[in-house]
Structure formats: structure tokens, C-alpha cells
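Chain naming here is simple, since letters A, B, ... match the order of the sequence lines and numbering starts at 1 in each.
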Amino acid sequence: MSLVELHAIHKSFGALEVLKGIDLSIDEGQVIALIGKSGSGKSTLLRTINGLEAIDDGVIMVDGKKISERDTDLLALRLQVGMVFQQFNLFPHYTALENVMLSPQVVKKQSKAEAREIAEEMLAKVGLADKMMHYPDQLSGGQQQRVAIARALAMKPKVLLCDEVTSALDPELVNEVLAVVRQLAEEGMTLVMVTHEMRFAREVCDKLVFMHQGRIHETGDPEEVFSNPKTPELSSFVGGLA
Amino acid sequence: MAYKFDFGAIVPHWELLVDGMILTAELTVIGAVVGVGLGIMGAWARASRAPVISQIVGVYVELIRNTPFLVQLFFIFFGLPALGVKLTEFQAAVLAMIVNLGAYSTEIIRAGILAIPQGQIEAAQSLAMNRVQIFRYVVLLPALKKIWPALSSQIVIVMLGSSVCSQIAAEELTFGANYIQAINFRAFEVYFVVTGLYLVMSILLRMGLKVLGNYLFERRRHV
Ligand SMILES: Nc1ncnc2c1ncn2[C@@H]1O[C@H](COP(=O)(O)OP(=O)(O)O)[C@@H](O)[C@H]1O
Ligand SMILES: [Mg+2]
């Protein structure tokens, strides 16, 4: 049984149907790349997985349990599913360390010492052991994004969703963030990432999902899909990038 | 015949002015603390997605912001006894100030809340925080920081507005002034001095709020 299963997910914003029946299963330890043109529904799909976007129709199962719209279900869901955003979204009034410690303390009711230990471990993991006492505006974009990853990891999620985590970064800062994601993938973390880094997707991901106009248009092993796209849409999408 | 100034005529009544200042200060501190607390709750209700509560608070805000403070005060002091709520002058004055500041600060603080980037709230949601936790740990302090100057000004306005509480014989500073000039007929001198006293109190209040703001929003490590 898969860790996360999406069945026939539909989502509209007003008259605009953004997700037109998505089926997707995410296995434990799998690293999935979600690619597609801007506006194809990638972010919306990702956001439905942790309940930031309510769905109109369909079923989401996490760990074999169906997720309803009740607040308690959503909170339980989000304990399993972490998310990192394009715009880092660190809390500006807390240091890096406090950003990472906050949720373990207030949500998981960990003691300060316990939360601190985990936070220091996570910040060390993303290479920021020496920046723990810095505030977000004292950090570069790449460093902020790594804090955001550490913050999500400190909650020990089973799945991590990454929505274009390098798109807001200056080119020279992209690699330090990708290196962290690559390390997570190698450690067996389950990842779903929206990305435009095709080389990275090819090297790191187990499964490629190409979205087009609110549907999963093509999916498969990255190597295969890239070298031998079956649909003209993916072909032109990949070609347009090269 | 020229008017002869005689500021000395106030001296025998100085205690009345000091007592008045103290009462004005008390009204202001209680009114500000409870009023801003009410404003925080009101702003949260307005910004939340609970439509009924939000609308009730909306009506309260508009009612208070579109009626004179003096009428609100009279309503509380002279009107409420009809419902069996009999308040002392001080209680009525404090309540009027709380209700008044609560409405204005609801709108001010709401603007601060709306200025918090949605992404930060979504990040907090993704970390499995509930609404209360998000408001308390992620939204409140940065929101207050954004609107602290506006909120400070409103608190000063409310302190100055407390002068109308003399109309229900709450013995604050303006009441003292009215009383003294009724005895010694030295209106110019009395109101000249009282104007200066309000000015001093305003400046002190502004300074105090600035210090409080620095304390609240200064970068303090919590661990
Ligand atoms: N909150 C929203 N309200 C209205 N329309 C939205 C909202 N979020 C996304 N959309 C629309 O849904 C479509 C898909 O958006 P999105 O999922 O962000 O695409 P992608 O991440 O693939 O670029 C776009 O047309 C976008 O304008
Ligand atoms: Mg997107």
C-alpha cells in the first residue's frame, strides 16, 4: 500500500477547473518530480496533498487513512506531510533556531531542550550549524531555504512536498539547496517536488509526472520519459527547455 | 482695562490638578490595556473566516466609530442604569474608553494582520499548527509591530478624549480644571496650565509607548 494515494482529485477556482481528475500514488521512499508548464496545476496539486487547498471531489489517503476536511484530520495529515515553498516563508521575528523549534514545541509539545536538540541536528544537516542565531533577514536566500527545509524536517514528516524550492534563488545559490534535497533523497526521504531543474529530476527522482492542463499527461521513469517522450506535449516541453 | 494674569491663583488648588492627572493616567492605562486587548480579539474575529462573529464585531466597530465619544459615555453612565447596570463615574469612564479604543484598535490591528504575508500563515499551517497557535506565535507580534505607531497615536487620542469624562463628574484632569476656574474665575490661567499638563502627559505617553514597542519588538532570542 502506498504512503499517499490520490484518487480522482478535482479542483476548480470558480469557473476554472485546475485539476481534472488526478490519480497518483506515492510510495514510501519514492522521489517524485512534478513538471509541466506554468499554470498546469502543479502547485495546486501539491497543496491538495497537505490540505492547503480543499478539493472539490476525490479521495486522499495517507497511510491508509482517508482525509476529511475536518480540522483534526487536517492537522493529523500535516503532521505526516511537510512542505517547503518557493518563497521560504520563514517567520521574521524568530531566529533560524527558533523557526525550527517552534512547531515541535507548540504542536508536538516537546520540551525546549528536546526541541532544541532536534533543531540543532536538522540545522547541522542542512549545513547551517553556524547560522542558528541569525534572523531570516540576515541570511541569504539559499540559507533561508535551507532553514525552511530544516524546519519542515524537525516535525519528522513521512513525506516532504517541495514547490519550486530553488525558483526564487539567484543562480549561484541553487546548488546548495539542491544538494540538501539530493541528500534527503539518498537518505530515503519520500519527496514530491515541483521543479524546473530537469537535470536534477533526471538524476535524483524515481518517477516523473508531467502535468498538462490539469491532468497527468505522462508519467514514468525519468530517464525513459526524457529520452523517449510519448506525447507531443511532453516532447515540446522537454524540447523547449533544452 | 487690561486683564491681569495671576497664575498664583492656581497654586492653592494644585492638589486637585495632581489628583486629576493621576485619574487621567489611571483611566488611560486601564483603557489602553483592556481596549487594545479587546482590539486584538476583535481584529482576530474580523480577520477570521467565522462570518457571524466577524459581522457582529463589524457592527460594533462601525457603531463606535460613527458616534461621538461623549454620547457613548452618556449612554453608559446615564443610559445603562435603565437596564439595571449602575456604574460609578470612574467605572463608566473606563468602560467608555475601553469600548471606544477597542473599536478603533480593532480596525488598526486588523490592518496589521492583513499585512502578514499569506505564505507565512501557510507555512505555519504546513507545520500542523492550529488557528490559535498560528495567531499567537506567527501573526500577532509582527502584526502589532507593523501598526504600532498608529496604535500608539490612537491611545494618545483616547487619553486626550478622556477629558470629556469630566461631563459625568469623573474627577480627571479637566474636571479639576473646570472646578478650579469655577472657584477663582481664572479661566485663562487654569486652562493654560492644564493645556501644558495634557501636553506633558501626551509626550510622556508617546515616549512610554515607544519604549514598550522597542521592548516588545526588539530582537530578543527566546532560547
Ligand atoms: N487561489 C487561486 N485562485 C484562483 N485561481 C488560482 C488560484 N491558485 C491557482 N489558480 C489558477 O490555477 C491554475 C493553476 O495554478 P498552479 O497550480 O499554481 O499552476 P503551476 O504551479 O503549475 O504553475 C492557474 O491558472 C492559476 O492562475
Ligand atoms: Mg506553481
Hey, is the main chain of [Y] close enough, under 3.5 Å, to the side chain of [X] for a donor-acceptor pair?
X      : Y      : value
A:N50  : B:S126 : no
A:Y94  : B:V138 : no
A:H93  : B:E218 : no
B:Q125 : A:L52  : no

Tell me, out of [options], who's got the most heavy-atom pairs with chain B below 4.5 Å.
options                       : answer
A:G82, A:S103, A:A154, A:A152 : A:S103
A:V81, A:N89, A:L74, A:L90    : A:N89
A:Q87, A:R47, A:M83           : A:R47

More than 12 foreign heavy atoms under 6.0 Å from [atom1] of [X]: is that the case here?
X      : atom1 : result
A:E28  : CD    : no
B:Y179 : OH    : no
A:E117 : CD    : no
B:F192 : CZ    : no
B:I53  : CD1   : no
B:K145 : NZ    : no

At a heavy-atom separation under 4.5 Å, does [X] approach chain B through its side chain, its backbone, both, or neither?
X      : answer
A:L77  : neither
A:R151 : both
A:V84  : neither

Passes side-chain contact (heavy atoms from CB on, under 4.5 Å), A:R78 versus B:L127? Steps please.
CA-CA 6 Å; A:R78 289 169 185 159; B:L127 291 164; over 6 Å; no
Non-hydrogen atoms of A:F85 and B:A123 that approach each other most closely
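Smallest interatomic distance, heavy atoms only, reads CE1-CA, 3.7 Å.
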Would you mind reporting whether A:P92 and B:Q120 have side-chain heavy atoms less than 4.5 Å apart?
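Heavy-atom side-chain distance check passes, below 4.5 Å.
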Run the numbers on B:R136 and A:V106 for side-chain contact (heavy atoms from CB on, under 4.5 Å), then give the verdict.
CA-CA 10 Å; B:R136 175 164 166 207; A:V106 306; over 6 Å; no
Tell me, for B:Q133 versus chain A, whether the close heavy atoms (under 4.5 Å) come from the side chain, the backbone, both or neither.
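Side chain only.
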